[in-house]
Amino acid sequence: MKKISFTKSPFKKITIGYLAISLAFAFLYWLPPFRYGELSFLDAWFISSSALSTTGLSTIVVADVLTPTAQWLMILEMQIGGIGFMGIIGSYLFLMYRDATLPQLTLMGFDQNQRSLRNVKSLILFIAMFSALSEFIGFLFLMPDVLRAEPHVGTAIRDAAFHAVSAFTNTGLDVFGGTIEPFNRSPVFMVVTALLVFLGVLGFPTVWELIYLRGKKKSLYTKVNLLFHAVLLVVGAVLITALEWGNRGTVGDMPYGLRALNTLFLSVVSRSGGLGNVDLGAAMPATVLLLMVLMFIGGSASSTAGGIRITTFAILLAKARSAITRNSDVILFRKSLYEEDVQKAYLIFFFVLIFFFLSCFVLFVSESDTDTLAIVFEAMSAITNNGFSHGVTGGLSPFGKLWLILMMMVGRIGIISIIYSIVKPKKSAVKYIKESIIVG
């Protein structure tokens with residue numbers, strides 16, 4: 001099995017690639033043929049970065065500012081962001097029966113968080129086909145509800161396609177006026193959207209195993225994903241339901257069945273989907289805090305989701321358990337984890353938290369007139385590529401928008417890629433004497 005070594009070159013290429021793509025699409029949106037009226041280049045770059053990073057925060061109302069052609073371009077950009085730009089390139093090469101070079105395979109592996117090059121080709125092809133099929137089926141089921149809201153068939157087709165891609169890639173952008181609240185009383189629309197989001201966050205390798213390895217032993221990655229997805233989904237739904245059931249600002253005015261459906265929907269999309277089905281500004285403070293915790297955990301590695309990822313969260317819990325039991329090994333499902341994976345989990349957790357708190361401090365200074373909770377919520381949404389908002393994004397200062405662009409791109413590219421784009425790890429030959437230190 002070939003292992004991908006941690007050298008700076010692949011990470012730097014991925015980082016530069018995402019930045020270049022975001023600027024290229026921003027330039028297109030900024031051009032007069034692709035917009036209605038005025039649109040600053042900063043706002044064009046913001047919406048482009050949001051689409052590419054699959055975040056969903058927006059300083060504009062997409063349907064009011066971008067032309068139909070620009071909206072089709074955004075569908076393409078969301079697809080690139082969800083699958084990964086190297087995944088798009090790889091899909092083209094493989095479907096055209098062209099062999100990828102070893103450097104190209106290495107970049108594809110890094111873009112999909114794969115340690116081994118052995119299965120990269122088959123995984124990339126599966127991702128492309130599974131994504132296209134899921135989005136097409138979702139599009140078909142969404143069309144009737146979208147047609148009722150938009151009688152013009154051409155516009156309805158574009159809107160349904162946009163929403164299907166946005167949901168599956170977990171982007172969270174919409175063409176319904178900045179929210180999907182008009183559809184929160186449509187069970188079919190809500191269920192289909194939730195399923196698309198869930199399929200996107202589940203993790204492509206997990207879906208592959210569930211389809212092609214039925215009845216066979218599953219990988220540790222898949223076992224962890226399935227268990228934690230189920231637990232977080234149920235716990236999130238129960239707590240959100242308990243907190244918001246009687247809140248007339250969110251779901252309190254709905255019939256009981258729709259209340260349950262909408263709180264379950266919130267639990268599904270809170271870890272990456274970012275599609276707002278209710279007014280989050282009217283949600284209980286405890287609900288907002290819970291949503292931030294779920295956003296921070298995020299979805300699966302090698303998926304369209306953001307956050308620190310479920311496997312990182314599981315490793316942190318397993319490490320805590322091993323520390324409590326004074327076990328030198330970190331165990332998950334009766335498997336001992338590699339120290340490298342444990343260290344990587346701590347690296348991700350530590351640096352995401354540091355960057356989040358630093359961003360809150362910076363935004364508190366630059367956006368001093370904005371509500372504190374809204375700033376914290378916006379910052380967590382940006383770094384975790386979620387897209388939930390308290391509606392303050394459009395009113396941010398130019399510096400605040402630039403900072404959120406940075407946060408969204410860091411969240412999409414990944415802390416690991418950013419660090420190793422700058423620093424090349426080196427093993428030291430020097431061994432130092434160990435000494436105890438007082439902690440706690």
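Values in this document were obtained by computation on a predicted structure and should not be read as measured data.
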For residues 283-296, tabulate all N or O donor-acceptor pairs below 3.5 Å that involve a side-chain atom, not counting sequence neighbours.
{"unit_1": "Thr287", "atom_1": "OG1", "unit_2": "Glu244", "atom_2": "OE2", "d": "2.5"}

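Among pairs with a residue in residues 128-144, those fulfilling side-chain hydrogen bond (donor to acceptor under 3.5 Å, both in side chains) read Gln79-Glu135, at least two apart in sequence or across chains. Residue pairs satisfying the ring pair (Phe, Tyr, Trp, His ring centres under 6.0 Å) criterion with at least one member in residues 31-69, sequence neighbours excluded, are listed as follows: Trp30-Phe41. Contacts classified as ring pair (Phe, Tyr, Trp, His ring centres under 6.0 Å) and involving residues 256-279 (residues at least two apart or in different chains) are given here: Trp245-Tyr256. Among residues at least two apart or in separate chains, there is no salt bridge (charged side-chain N to carboxylate O under 4.0 Å, His left out) pair with a member in residues 221-233. Residue pairs meeting the side-chain hydrogen bond (donor to acceptor under 3.5 Å, both in side chains) criterion with at least one partner in residues 227-236, sequence neighbours excluded, are His229-Arg271, His229-Ser300. Applying the side-chain hydrogen bond (donor to acceptor under 3.5 Å, both in side chains) definition to pairs two or more places apart or across chains, those involving residues 176-198 are Asp145-Ser186, His163-Thr193.
Annotation: Phe126 is in aromatic contact with Phe130 [ring centroid separation under 6.0 Å].
The closest side-chain heavy-atom distance from Asn170 to Asn385 is not below 4.5 Å. Annotation: side chain of Leu39 is in contact with side chain of Leu66 (closest heavy-atom distance under 4.5 Å). For the pair Phe388 and Val269, the minimum side-chain heavy-atom distance is below 4.5 Å. Inter-residue side-chain proximity for Leu196 and Thr169 is flagged as unmet; no heavy-atom pair is nearer than 4.5 Å.
Residues passing the side-chain hydrogen bond (donor to acceptor under 3.5 Å, both in side chains) test with Asn277 are Asn262, sequence neighbours excluded. With sequence neighbours excluded, the residues satisfying side-chain hydrogen bond (donor to acceptor under 3.5 Å, both in side chains) with Ser53 are Thr55. Scanning for side-chain contact (heavy atoms from CB on, under 4.5 Å) contacts around Val191 gives Leu195, Leu261, with sequence neighbours left out. When the salt bridge (charged side-chain N to carboxylate O under 4.0 Å, His left out) test is applied to Arg248, the partners found at least two apart in sequence or on another chain are Asp253. Take Lys401 and apply the salt bridge (charged side-chain N to carboxylate O under 4.0 Å, His left out) test, not counting sequence neighbours, and it matches Asp43.
Using the six-membered ring where Trp is involved, Phe228 and Phe313 have ring planes that are perpendicular, over 60° apart on the 30 and 60° scheme.
Atom CD1 of residue Ile157 and atom CG of residue Leu142 lie 13.0 Å apart, to the nearest 0.5 angstrom. With rounding to the nearest 0.5 Å, the separation of CD in Glu378 from CD1 in Ile383 is 13.5 Å.
Among all heavy-atom pairs drawn from Arg259 and Gly252, the shortest one is NH2-O, 3.0 Å. Contact detail for Ser272 and Gly306: the closest heavy-atom pair is OG-N, 3.1 Å. Looking at every heavy atom in both residues, Ser50 comes nearest to Thr171 through O-CG2, 4.0 Å. Residues Ala149 and Phe183 share a closest heavy-atom pair of CB-CZ, 3.9 Å.
Summarising the local packing, OH of Tyr346 is surrounded by more than 12 heavy atoms from other residues, nucleotides or ligands at distances under 6.0 Å.
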